[in-house]
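Written out below as structure tokens is the structure these notes cover.
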Amino acid sequence: MLEQLINELTPQNVELVAVSKTKPNEAILECYEKGQRIFGENYIQELATKYESLPKDIIWYFIGHLQSNKVKVIAPFVHLIQSVDSFKLLGEINKRAKQNDRTINCLLQFHIATEASKFGLDLETARAFLESEAFKNLENVNLCGVMGMATFTSDKAQVRTEFKALKNIFDTLKSEFFADKADFKDISMGMSGDYKMAVEEGSTMVRVGSLIFGKRAYK
Ligand SMILES: *Cc1c(COP(=O)(O)O)cnc(C)c1O
């Protein structure tokens with residue numbers, strides 16, 4: 001399945017993030033040997049352990065909900081944090097990036113689903129912050145775009161509407177704040193069940209787990 005996904009997404013310039021949460025190193029190495037380098041993880045300790053034990057040219061993305069007090073664990077090596085859902089968190093990422101003499105790439109996570117349980121910003125909050133002086137002082141974070149998770153539903157029309165909403169948010173922020181910034185280019189949306197639709201709606205980065213690794217067993 002990995003090869004199929006790569007063959008399908010590469011010509012469309014869509015980046016494939018292999019979501020390896022709960023999966024063992026052997027499963028990751030199997031993908032690695034087929035050329036996959038970008039992996040997404042949701043849990044801090046799991047990511048830190050995998051980082052220590054797996055090849056150092058793996059590009060790790062953090063995609064789960066991130067608590068400020070955990071940022072320091074991944075700040076030395078994480079390549080992209082997709083799940084920035086508060087500006088307090090962005091400030092903490094900046095601080096830890098600076099301590100490590102790095103710049104950390106980030107996506108702003110927006111709340112596009114109907115489920116209250118899902119995390120994410122709304123456009124007005126993001127706007128207010130991006131206009132602020134506080135934002136201009138963050139020199140060690142690099143905002144690269146937006147991320148969102150659609151509602152968990154079989155209603156395809158609803159999912160499509162939510163993807164369109166995220167694309168709209170991206171376009172709005174791009175034109176209002178990042179028109180001159182080439183790095184602000186990514187729309188991370190789409191998972192195993194809906195990545196094709198996400199690509200149709202403008203996704204530049206899909207996060208695929210179970211389709212590559214099989215179903216996850218949760219405790
Ligand atoms: C687990 C997870 C995925 C992958 O989900 P699948 O349905 O297994 O492809 C993608 N994005 C986030 C944020 C996740 O937590």
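For reference, positions follow the sequence shown, starting with 1. Treat the numbers as computed from the prediction; the structure is a model and nothing was measured. Whatever order the structure lists them in is the order used to number ligands and atoms, beginning at 1.
- Checked for salt-bridge contact, Glu46 and Lys50 meet the test: a charged N lies under 4.0 Å from a carboxylate O.
- With a 4.0 Å heavy-atom cut-off, ligand 1 is reached by the side chain of Lys21 but not by its N, CA, C or O.
- Atoms of ligand 1 found under 4.0 Å from any heavy atom of Gly209, numbered from 1 in the order shown, are 4 (C), 6 (P), 8 (O), 9 (O).
- To the nearest 0.5 angstrom, Thr151 atom OG1 is 9.0 Å from Asp155 atom CG.
- Between the side chains of Arg207 and Ser188, a donor-acceptor pair is found at a separation under 3.5 Å.
- The distance from ligand 1 to the heavy atoms of Val208 drops below 4.0 Å at these ligand atoms: 9 (O).
- Taking the charged nitrogens against the carboxylate oxygens, Lys21 and Glu41 have no contact shorter than 4.0 Å, which rules out a salt bridge.
- The ligand atoms of ligand 1 that sit less than 4.0 angstrom from a heavy atom of Arg207 are 4 (C), 9 (O), 10 (C), 11 (N), 12 (C), 13 (C).
- Under 4.0 angstrom from ligand 1, the non-hydrogen atoms of Asn42 all belong to its side chain.
- Ligand 1 has at least one atom lying under 4.0 Å from a heavy atom of Arg216.
- Ion pairing of Lys196 with Glu200 is absent here, as no side-chain N (NZ or NE/NH1/NH2) approaches a carboxylate O to less than 4.0 Å.
- For the ligand labelled ligand 1, residue Ile63 lies inside the 4.0 Å heavy-atom shell.
- Ring centroids of Phe170 and Phe184 are separated by less than 6.0 Å, placing the two rings close together.
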